[in-house]
Amino acid sequence: MKRGLLILFCMGMMVTGCADQKAGIQEEPEVYSLDLDGNIQMEETGGKQAVTGSEAAQSGETAENQESEAVSASKDSTQDNTGAQSGESASEDQDHANTQDLYSGFLKNEVPAIVRNDYLQSDYRTNNLESGRAYTFAELGQYVDQSYFDPEYMEKTTYDQAQYTYVGCLDNDAINLLVKFIGLNIYSPGDDSFAVYVLSEENGQLYLTGEYECWARSYTEQYRNGLCRSGGSSGAGDHYDGLSAFLSDGKEVSIYEAEILSGWWTSYVDGTIYSEVFGENADVPLEVSVYTIDGDMYHTFDMSECTDDQKTLCETYINRCRDEAGVNWVTEEQLQEAVRKRCSSLGIDYNMLEQQEEVEWIKIIDETDN
């Protein structure tokens with residue numbers, strides 16, 4: 001199609017150049033074309049060319065006919081494509097509407113959700129969702145109460161509030177339902193800790209597909225496109241950060257996880273080498289981030305807060321960790337390339353990682369409270 005339009009353009013230029021001049025010997029006009037990579041090139045014309053008025057008229061008629069045919073074909077093609085796209089869009093809208101109805105039915109205790117067989121069970125919890133069992137919203141809430149509250153030791157026996165939100169999926173245009181139960185006393189009595197359960201739809205059936213928690217020393221930020229950022233602290237100089245995504249099958253997949261170490265905590269990279277370089281009790285303002293991406297580890301460092309003398313010691317530590325302990329130090333560009341490859345393997349557009357608009361959680365009204 002591009003080449004056809006290019007020919008019409010060039011012929012139109014030739015005809016226009018001849019229309020205002022008398023028939024006779026004319027210098028060949030310079031003709032340019034676009035190659036497949038979008039580069040402009042000048043084509044060799046081979047010198048002068050004799051053009052008669054009759055030939056010019058015939059060329060004009062030919063060009064007009066070709067242009068008319070091209071426009072007609074373009075209209076037909078556009079109409080066909082528009083019709084096909086309209087049909088696909090209508091089908092997708094209907095699928096979303098059906099999924100939305102199922103999710104609404106779950107929130108109203110009208111439609112159950114089945115725990116999928118590959119649901120990730122918690123090792124530390126004795127009471128897990130039963131694979132293959134169907135739960136209504138109310139039954140899921142009862143499960144939460146049984147999991148987080150022990151009436152033998154606690155006065156509180158139920159969660160404070162339930163909320164929901166919808167999120168997109170970065171691997172296609174599906175949507176997932178997230179249900180949050182708040183006030184679970186995970187860290188301490190009366191805290192705002194919560195658990196989130198993920199539901200997905202497949203062939204008209206709802207499934208419980210995953211969960212995650214958040215408590216006092218951690219945080220999560222849920223984004224509209226399905227991304228989820230999590231973080232927290234294991235100590236003053238040991239923090240963690242991670243980015244994951246919920247896919248169309250409802251599973252949460254890790255894009256990257258990072259442990260951010262500063263000061264003495266950078267000795268976690270290699271304690272023996274650290275002691276030999278800095279001394280056992282040294283606290284140097286070095287920062288090291290340890291990223292885990294698709295099972296591989298990548299290390300970065302920051303010495304911007306160090307003095308010149310400290311930088312010399314830090315360089316020794318970094319080099320010895322690389323040479324003696326096999327630590328994989330990388331640049332920011334190499335780190336982002338690893339993240340890009342991880343996204344590609346998951347069918348995620350790397351550029352979508354920049355779209356981090358938080359969701360709005362909506363309170364679920366318990367009819368028994370009315």
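Here, residue 1 is the first one in the sequence, and each next residue gets the next number.
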Is there side-chain contact between [X] and [Y], with heavy atoms separated by less than 4.5 Å?
{"X": "V359", "Y": "Y223", "answer": "no"}
{"X": "F246", "Y": "V198", "answer": "yes"}
{"X": "Q222", "Y": "E358", "answer": "no"}
{"X": "I114", "Y": "Q205", "answer": "yes"}
{"X": "Y166", "Y": "Q100", "answer": "yes"}
{"X": "M297", "Y": "H299", "answer": "yes"}
{"X": "V288", "Y": "T300", "answer": "no"}
{"X": "K180", "Y": "Y164", "answer": "no"}

Could you state whether [X] and [Y] fall into the same hydrophobic cluster, counting links through intermediate Ile, Leu, Val, Met, Phe, Trp or Tyr residues with side-chain heavy atoms under 4.5 angstrom apart?
{"X": "W215", "Y": "I182", "result": "no"}
{"X": "V290", "Y": "I293", "result": "no"}
{"X": "V179", "Y": "F194", "result": "no"}
{"X": "Y143", "Y": "Y207", "result": "no"}
{"X": "V115", "Y": "L120", "result": "no"}

Shortest non-hydrogen contact between [X] and [Y], atoms and distance:
{"X": "G210", "Y": "Y119", "answer": "N-CE1, 3.3 Å"}
{"X": "T307", "Y": "Q310", "answer": "N-OE1, 2.9 Å"}
{"X": "R116", "Y": "S200", "answer": "NH1-OG, 4.2 Å"}
{"X": "E276", "Y": "R320", "answer": "OE1-NH2, 2.6 Å"}
{"X": "L247", "Y": "N176", "answer": "O-ND2, 3.0 Å"}
{"X": "P112", "Y": "L206", "answer": "O-CB, 3.8 Å"}

Working to the nearest 0.5 Å, report the span between [atom1] of [X] and [atom2] of [Y].
{"X": "Q146", "Y": "T158", "atom1": "CD", "atom2": "OG1", "result": "10.5 Å"}
{"X": "K341", "Y": "Y350", "atom1": "NZ", "atom2": "OH", "result": "13.0 Å"}
{"X": "R322", "Y": "D270", "atom1": "CZ", "atom2": "CG", "result": "13.5 Å"}
{"X": "D308", "Y": "M303", "atom1": "CG", "atom2": "CE", "result": "10.5 Å"}
{"X": "L177", "Y": "Y197", "atom1": "CG", "atom2": "OH", "result": "13.5 Å"}
{"X": "Y187", "Y": "S218", "atom1": "OH", "atom2": "OG", "result": "10.5 Å"}

Backbone N or O of [Y] within a donor-acceptor pair of the [X] side chain at under 3.5 Å?
{"X": "Q163", "Y": "I364", "answer": "no"}
{"X": "D241", "Y": "G231", "answer": "no"}
{"X": "E130", "Y": "R133", "answer": "no"}
{"X": "S262", "Y": "E287", "answer": "no"}
{"X": "S188", "Y": "D191", "answer": "no"}
{"X": "N109", "Y": "A138", "answer": "yes"}
{"X": "R342", "Y": "S254", "answer": "yes"}
{"X": "E324", "Y": "C321", "answer": "no"}
{"X": "Q355", "Y": "M352", "answer": "no"}
{"X": "K108", "Y": "Y103", "answer": "no"}

(message) Consider side-chain contact (heavy atoms from CB on, under 4.5 Å). Of V144, D150, D145, which one does Y148 pass it with?
(response)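 Output: one option passes, namely V144.
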
(request) Determine, stepwise, if the pair S131 / N117 fulfils side chain to side chain donor-acceptor pair (under 3.5 Å). (result) CA-CA 5 Å; S131 297; N117 292 331; 4.9 Å; no

Is it true that [Y] and [X] share a donor-acceptor pair across their side chains at a distance under 3.5 Å?
{"X": "T292", "Y": "E257", "result": "no"}
{"X": "S244", "Y": "E252", "result": "yes"}
{"X": "E354", "Y": "Q356", "result": "no"}

(request) Run the numbers on D249 and D171 for side-chain contact (heavy atoms from CB on, under 4.5 Å), then give the verdict. (result) CA-CA 10 Å; D249 59 3; D171 58 335; 5.7 Å; no

(request) May I ask you to check whether over 12 heavy atoms, not counting those of Q336, lie within 6.0 Å of atom CD? (result) yes

(message) For the aromatic rings, using the six-membered ring if either is Trp, is the centroid distance between Y274 and Y317 under 6.0 Å?
(response)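 Close enough - the centres of the two rings lie under 6.0 Å apart.
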
(message) Using the ring centroid of each side chain, check whether F137 and Y135 are separated by less than 6.0 Å.
(response) no

(request) Quick one: sort the W264 and Y268 rings into parallel, tilted or perpendicular, breaks at 30° and 60°. (result)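 Rings of W264 and Y268: perpendicular, over 60°.
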
(request) Classify the ring geometry between F301 and W329 as parallel (under 30°), tilted (30 to 60°) or perpendicular (over 60°). (result)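 It falls in the perpendicular class, over 60°.
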
(message) Set out, in order, the CA-CA distance, both residues' side-chain angles and the distance that settles side-chain contact (heavy atoms from CB on, under 4.5 Å) for T209 and L199, then state yes or no.
(response) CA-CA 6 Å; T209 54; L199 289 86; 5.9 Å; no

(request) Given side-chain contact (heavy atoms from CB on, under 4.5 Å), test C169 with I175 step by step and report yes or no. (result) CA-CA 6 Å; C169 305; I175 54 175; 5.8 Å; no

(request) Before giving the answer on ring-ring contact (aromatic ring centres under 6.0 Å, His included), spell out for Y159 and F181 the whole-Å C-alpha distance, their side-chain angles and the decisive distance to 0.1 Å. (result) CA-CA 6 Å; Y159 61 88; F181 295 92; 4.8 Å; yes

(request) Run the salt-bridge test on K251 and D118 with the 4.0 Å N-O cut-off and return the result as yes or no. (result)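 So K251 pairs with D118 through a salt bridge.
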
(request) Determine, stepwise, if the pair T165 / I362 fulfils side-chain contact (heavy atoms from CB on, under 4.5 Å). (result) CA-CA 6 Å; T165 192; I362 303 170; over 6 Å; no

